[in-house]
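One structure below.
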Amino acid sequence: MKELEARIKEDGRVLGADILKVDSFLNHQIDPKLMQAMGAEFARLFKDQDITKVITVEASGIAPAVMAGLSLGVPVVFARKSKSRILSDDAYTADVYSYTKQRSNQIRIDKRFLSAADNVLLIDDFLANGQALLGMKALADEAGATIVGAGIVIEKSFQPGRQAAIEAGLTNIHSLAKIAAFEDGQVIFDDLD
Ligand code: 5GP
């Protein structure tokens, strides 16, 4: 998505070897117009798939997921990151390791909001090592829901997330921007599929 690539070039900051900071429009301050355009693009990429629900993880997935849900006309459910390890019978749960935060979080979705009748689209802000996506897949699998695909705002294709997701059985993964490499603090983009 050209608009997103231009914004990453303008406002993204490369931190260290493999982190892109985009907190001026996605991860802290949010640009609603850009989010709306991304939601419309997700809706275009996943049209005609009878999606009944969009699933994401708090917090940074919520803005693009809400805009996708708005364009698709379906509800959005965000998995909560629970601090408590106490298991509850009425929630689906999965453990997700975050490389950026270097800790594991349990994510959970109340059983009232996901069921075997659902066709779900998974959305997240970044695809890096794939742990967040695999956690969402685990929640959907527990519910017996059908996963129609995954929509990612920014994929770092030099990291193993897509491969891990494919090996876990996820198909139909679309990213709005794909980063091939960081070179001298500059972002080098991959072609989109
Ligand atoms: P994964 O689970 O695929 O390793 O990473 C996905 C999660 O890690 C995303 O939801 C995002 O919050 C965070 N993340 C991974 N890489 C980056 C990055 O380069 N920049 C930012 N801002 N977040 C990242």
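For ligands, and for the atoms within them, numbers begin at 1 and follow the listed sequence.
Annotation for ligand 1: atoms under 4.0 Å from non-hydrogen atoms of D18 are 19 (O).
The shortest heavy-atom distance from N27 to ligand 1 is under 4.0 Å. Residue contacts with ligand 1: K101 is excluded, as none of its non-hydrogen atoms falls under 4.0 Å.
Counting heavy atoms closer than 4.0 Å to ligand 1, residue S60 contributes nothing at all.
Between F126 and ligand 1, a contact under 3.5 Å exists for no N or O pair. An N or O contact shorter than 3.5 Å is missing between L127 and ligand 1 by distance.
Looking only at protein heavy atoms, the nearest one to atom 19 (O) of ligand 1 is K156 NZ, 2.7 Å. Protein heavy atom nearest atom 20 (N) of ligand 1, with residue, atom name and distance: L20 O, 2.7 Å.
Counting all heavy atoms, side chain and backbone alike, L134 lies closest to A168 at CD2-CB, 3.5 Å.
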For salt bridge (Lys or Arg N to Asp or Glu O under 4.0 Å), just list the numbers for K156 and D18, CA-CA rounded to whole Å, side-chain angles, deciding distance to a tenth of an Å, and then say yes or no.
CA-CA 8 Å; K156 293 184 289 183; D18 60 5; 5.3 Å; no
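Within the 4.5 Å cutoff, the side chain of L4 has heavy atoms near those of the F25 side chain. The shortest distance between side-chain heavy atoms of Y97 and N129 does not fall below 4.5 Å.
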